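Reading through the structure tokens given below for one structure.
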Amino acid sequence: MNCPAVGPVIRPRRNRLNPAIRAMVRETDLGPADLVWPLFIHGKATVEDIPAMPGCQRHSLDSAVNVVGEAVALGIRAIALFPAIADHHKDPDGTVGLDPDGLVPRCIRALKSAYPHLVIIADVALDPYSSDGHDGVVRHGRIDNDASLPLLARLAVVQAQAGADVVAPSDMMDGRIHAVRAALDAANLADTLICSYCAKYASAFYGPFRAALDSAPRARGNIPGDKRTYQMDPANAREALREAGLDEAEGADWLLVKPGLPYLDIIASLRAATTLPIAAYHVSGEYAMLRAAAGHGWIDYTAALMESLTALRRAGAGMIFTYGAVDAARALA
Ligand code: PBG
């Protein structure tokens with residue numbers, strides 16, 4: 001009956017004894033070079049706060065150059081640009097996005113001349129430019145996949161010609177990676193990388209982003225005011241492997257999973273299935289939740305951010321898009 005009073009022989013806690021031991025056995029690291037900072041820009045000369053994303057602003061070109069300088073000084077090597085376009089410039093085809101002197105191309109040129117080594121990632125989708133707010137073009141009462149492809153390809157070429165190092169199709173149309181690759185190659189842009197949002201889910205966590213850009217999808221006729229006919233069903237995991245396989249075969253250089261934390265299983269399964277670099281997008285709603293809870297004093301923003309980013313790395317993401325990139329880089333410094 002009486003158990004001898006011996007302690008356990010094997011004690012995992014020895015590996016947590018002090019900070020030095022913990023650092024030696026740590027399996028996952030996180031550094032500023034792993035982070036991509038998404039930046040909102042607009043055509044105004046002012047800087048505007050984004051209410052649902054405390055700490056994030058819509059920047060003028062001058063302000064973008066300034067804040068990116070701070071990020072670069074902290075070791076961040078890559079940014080992703082997202083434009084807020086005034087409604088009266090939008091049309092169903094998103095034509096304003098194709099202007100080589102438009103907001104995004106001008107910003108790319110300004111940033112490239114200030115920071116030649118900065119990696120600039122440009123988003124390829126029609127939603128910020130389109131009066132329908134959809135990522136593909138609306139024709140004859142439907143989101144027309146094949147009519148979207150040449151528009152997306154031209155958008156990518158315009159961005160790459162302005163100096164974007166990476167174009168990132170986030171639209172989830174079928175066949176767009178092939179269309180973008182072919183158009184880039186035909187335009188002598190064989191060195192431009194493609195980061196494919198291959199597993200992009202129809203997520204409620206994009207809300208603050210759509211408010212920031214006034215880019216929410218609009219219902220019209222048969223077209224629903226959501227993106228569920230092209231973005232993936234959150235209930236599906238196997239389908240992400242199918243999407244990833246297609247995008248890899250079509251020529252994607254990187255694969256991106258989005259949102260981040262709710263989809264760690266998807267990141268891990270893609271990591272096991274492909275040799276391509278994998279990115280995760282810690283999206284606006286995830287960031288807003290951290291800020292909101294921290295604003296109430298309910299969590300420590302920086303600690304929760306670092307834990308979130310570490311979890312994304314642990315799941316298998318090589319790089320992480322996060323609005324907290326500068327905060328994280330500062331915490332790491
Ligand atoms: C649109 C796009 C979206 C995001 C990045 N690109 C929103 C959407 O699909 O509606 C979301 C990013 C975020 O929520 O942080 N092409």
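Each residue takes its place number in the sequence, starting with 1. What you see is a predicted model; the values in this text were computed from it and never measured. Numbering of ligands and ligand atoms starts at 1, following listing order.
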Looking only at protein heavy atoms, which one is nearest to [atom], and what is the separation?
atom	value
atom 2 (C) of ligand 1	K200 NZ, 3.2 Å
atom 8 (C) of ligand 1	K227 NZ, 3.2 Å
atom 12 (C) of ligand 1	F209 CD1, 3.3 Å
atom 4 (C) of ligand 1	K258 NZ, 2.6 Å
atom 16 (N) of ligand 1	S170 OG, 2.8 Å
atom 1 (C) of ligand 1	D127 OD2, 2.8 Å
atom 10 (O) of ligand 1	R210 NE, 2.5 Å
atom 14 (O) of ligand 1	S284 OG, 2.7 Å

Proximity flag [X] to ligand 1, non-hydrogen atoms under 4.0 Å:
X	answer
Y323	yes
H282	no
Y287	no

*Does P217 have any side chain to side chain contact (heavy atoms under 4.5 Å, CB included) partners at least two apart in sequence or in another chain, and if so, which?*
H134, R210, K227
*asked:* List ligand 1 atoms under 4.0 Å from A125, heavy atoms only on the residue side.
replied: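 Answer for ligand 1: 16 (N).
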*asked:* Rounded at 0.5 Å granularity, tell me how far NE2 in H282 sits from OH in Y323.
replied: 10.5 Å
*Give a yes-or-no answer on whether the side chains of D91 and S131 include a donor-acceptor pair shorter than 3.5 Å.*
no
*Which is it for D123 and ligand 1 at heavy atoms under 4.0 Å: side chain, backbone, both or neither?*
side chain
*asked:* Under 4.0 Å, heavy-atom basis, I'd like to know which part of V283 is in contact with ligand 1: side chain, backbone, both or neither.
replied: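 Near ligand 1, V283 shows its backbone as well as its side chain.
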Taking only Lys NZ, Arg NE, NH1 and NH2, and the carboxylate oxygens of Asp or Glu, determine whether [X] and [Y] approach each other closer than 4.0 Å.
X	Y	value
D327	R291	yes
R218	D87	yes
D171	R176	yes
R106	D99	no

*Please name the pair of heavy atoms, one in D49 and one in R58, separated by the smallest distance, quoted to 0.1 Å.*
O-NH2, 3.9 Å
_For F82 and Y281, take the angle between the two ring planes, folded into 0 to 90°, and tell me which bin it lands in: parallel under 30, tilted 30 to 60, perpendicular over 60._
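Rings of F82 and Y281: tilted, 30 to 60°.
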